[in-house]
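Every heavy atom of this structure was used, including side-chain atoms; hydrogens, water molecules and symmetry mates were not. One-based numbering, in listed order, for ligands and for the atoms of each.
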Amino acid sequence: MKTELLKIDSPQQTDLLRRAAEVLRSGGLCGIPTETVYGLAANALDEAAVRKIFAAKGRPQDNPLIVHIASMEELPALVKEIPPEAKALADAFWPGPLTIILPKADCIPDAVSCGLPTVAIRMPSHPIANAIIREAGVPLAAPSANTSGKPSPTTAQHVLHDMDGKIDMIVDGGACSVGVESTVVTLCAKRPRLLRPGGVTLEQLRDVLGEVDVDKAVLGELASGEKPSSPGMKYKHYSPDADVKLVRGSLESFARYAKTYPAADTLILCFDGEESAFTNETIALGSASDAKTHAQRIFRALRDADERGFRNVLVHCPDDRGVDLAVLNRLLRAAAFQIVETE
Ligand code: TXA
Ligand code: MG
């Protein structure tokens, strides 16, 4: 299959939007920009189209998809009930990088929910994502548009790299502004529970909901055979081919540790101002306290490591506050939970 790359700069380009919508309405797959990461979209109500997503990504069959909507009017048809917490979250964070798990309506195909009684819903804020959903006139199922297990794509080029020849179209809407995926919160547990940290922070969720539990898989490793609250948590994720390790300790002790690796094979991901402590090549992720910039740069940096042929990536471990909780969550998985304490 030939993959068409279509640049769309504004939601006013209705002719171009119509072409993307046509692909989706006729059961095809289209890579779309969102504010978090690029999504691999199909008509969420078309079971056959949704199945193609799993094939293109090599995605495990039991990992359910997020359904994307463009307005609140679409929600009631997709879920069994809208509890007051969902209303409060939607008022506060939609459109935006938040996914809410709710009891699913019967119209949600099994291919989307993978046999669960629930469905994940998100209303993206990216103007082109929003315009494509409206133009298609159907909700869109969309996981991140990477090959399963690889770092999520934050540019159309990343999507092309993973999906060329496997999908009908990629809409290039520029680089994603958040850079990590949406926050996933379930309202189907005893109390609201954070399943995946993302662009909306835990602190922000607590401001709206009061108490929010944090699933232990957010920062912990599941024991083998343990059943996760979110199927996606059990899979290896976000990993480049290079071996990734998180390093916790002072800059001096990190630099000493880095010397135990062959410099030419080893890329350092560090914070602004730390580069000169290393003889290796480095990528700076922003200043140590600037979590938003870490999020914008992390997936690109992991992809760059492979593009440039590095065998090892050593990452200065971020904090766990604000959006850094999401960055840390992704890095722990990219590193298969390998953390080196250098103090
Ligand atoms: O920002 C995002 O959320 C992006 C963009 C494209 O919107 N999408 C995305 O989708 O990250 P994906 O498929 O890569 O991640 C969805 C996560 C997975 O971990 C999946 O297991 C979880 O959401 N999920 C989906 N439906 C669920 C459900 N009913 N219950 C629990 N977890 C669910
Ligand atoms: Mg993903």
I need the atoms of ligand 1 closer than 4.0 Å to a non-hydrogen atom of [X], numbered in the order shown.
X	value
Ser229	31 (C)
Ile66	3 (O), 8 (N), 9 (C), 10 (O), 16 (C)
Thr118	28 (C), 29 (N), 30 (N)
Asn63	18 (C), 20 (C), 21 (O)
Thr36	1 (O), 2 (C), 4 (C), 5 (C)
Leu116	28 (C), 29 (N), 30 (N)

Report the nearest protein non-hydrogen atom to [atom]: residue, atom name, distance rounded to 0.1 Å.
atom	answer
atom 3 (O) of ligand 1	Ser182 OG, 2.5 Å
atom 22 (C) of ligand 1	Ser230 OG, 3.3 Å
atom 15 (O) of ligand 1	Arg196 NH1, 3.0 Å
atom 19 (O) of ligand 1	Gly232 CA, 3.6 Å
atom 25 (C) of ligand 1	Pro64 O, 3.4 Å

All side-chain contact (heavy atoms from CB on, under 4.5 Å) counterparts of Thr279, not counting sequence neighbours: Ala263
Closest to [atom] among [options] (heavy-atom distance):
atom	options	value
atom 13 (O) of ligand 1	Arg59, Glu35, Glu181	Arg59
atom 6 (C) of ligand 1	Gly31, Ala217, Pro33, Gly39	Gly39
atom 28 (C) of ligand 1	Val180, Ile108, Ile101, Thr34	Ile101
atom 14 (O) of ligand 1	Ser144, Cys114, Ala120, Gly115	Ser144

Full working for side-chain hydrogen bond (donor to acceptor under 3.5 Å, both in side chains) between Glu343 and Ser250: CA-CA 7 Å; Glu343 292 298 325; Ser250 66; 2.8 Å; yes
Quick one, Pro95 and Pro124 - any side-chain contact, counting heavy atoms below 4.5 Å? no
Check: Lys104 and Pro117 side chains under 4.5 Å, non-hydrogen atoms: no
Sequence neighbours excluded - salt bridge (Lys or Arg N to Asp or Glu O under 4.0 Å) pairs with any residue from residues 280-301: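 Output for this query lists Glu281-Arg308.
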If you link ILVMFWY side chains whenever their heavy atoms are less than 4.5 Å apart, which other residues fall into the same cluster as Ile132? By chain and number, please. Leu6, Ile8, Leu16, Leu17, Val23, Leu24, Ile32, Ile128, Ile133, Val138, Leu140, Met169, Val171
Arg196 side chain to Thr99 side chain, donor-acceptor N/O pair below 3.5 angstrom: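 Result is no, nothing qualifies.
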Is it the case that the side chains of Asn146 and His158 hold a donor-acceptor pair, with the cut-off being a distance below 3.5 Å and no angle test?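 No - no donor-acceptor pair under 3.5 Å links their side chains.
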Does at least one non-hydrogen atom of His68 fall below 4.0 angstrom from an atom of ligand 1? yes
With the threshold set at under 4.0 angstrom, would you say Pro124 reaches ligand 1 through any of its heavy atoms? no
Taking distance alone, with N or O pairs closer than 3.5 Å, would you say Tyr38 contacts ligand 1?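 In this structure, Tyr38 places no N or O atom under 3.5 Å from an N or O of ligand 1.
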Protein N/O/S atoms closer than 2.8 Å to the Mg ion (ligand 2), ordered by chain and number, come to Ser144 OG
Is it the case that over 12 heavy atoms from other parts of the model lie below 6.0 angstrom from the NZ atom of Lys216? no
CD (Glu211) with more than 12 external heavy atoms under 6.0 Å: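 Open: at most 12 neighbouring heavy atoms sit under 6.0 Å from CD of Glu211.
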For ligand 1, note which part of Lys104 has a heavy atom under 4.0 Å away: side chain, backbone, both or neither. neither
Can you tell me if [X] uses its side chain to pair, donor with acceptor, with the backbone of [Y] under 3.5 Å?
X	Y	value
Asn280	Ala258	no
Ser144	Ser152	no
Glu81	Pro103	no

Can you name the one residue among Lys150, Arg303, Arg311 that meets salt bridge (Lys or Arg N to Asp or Glu O under 4.0 Å) with Asp241?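 Answer to the salt bridge (Lys or Arg N to Asp or Glu O under 4.0 Å) test with Asp241 among Lys150, Arg303, Arg311: Lys150.
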Look at the aromatic rings of His294 and Phe271 and report parallel, tilted or perpendicular, splitting at 30° and 60°. tilted
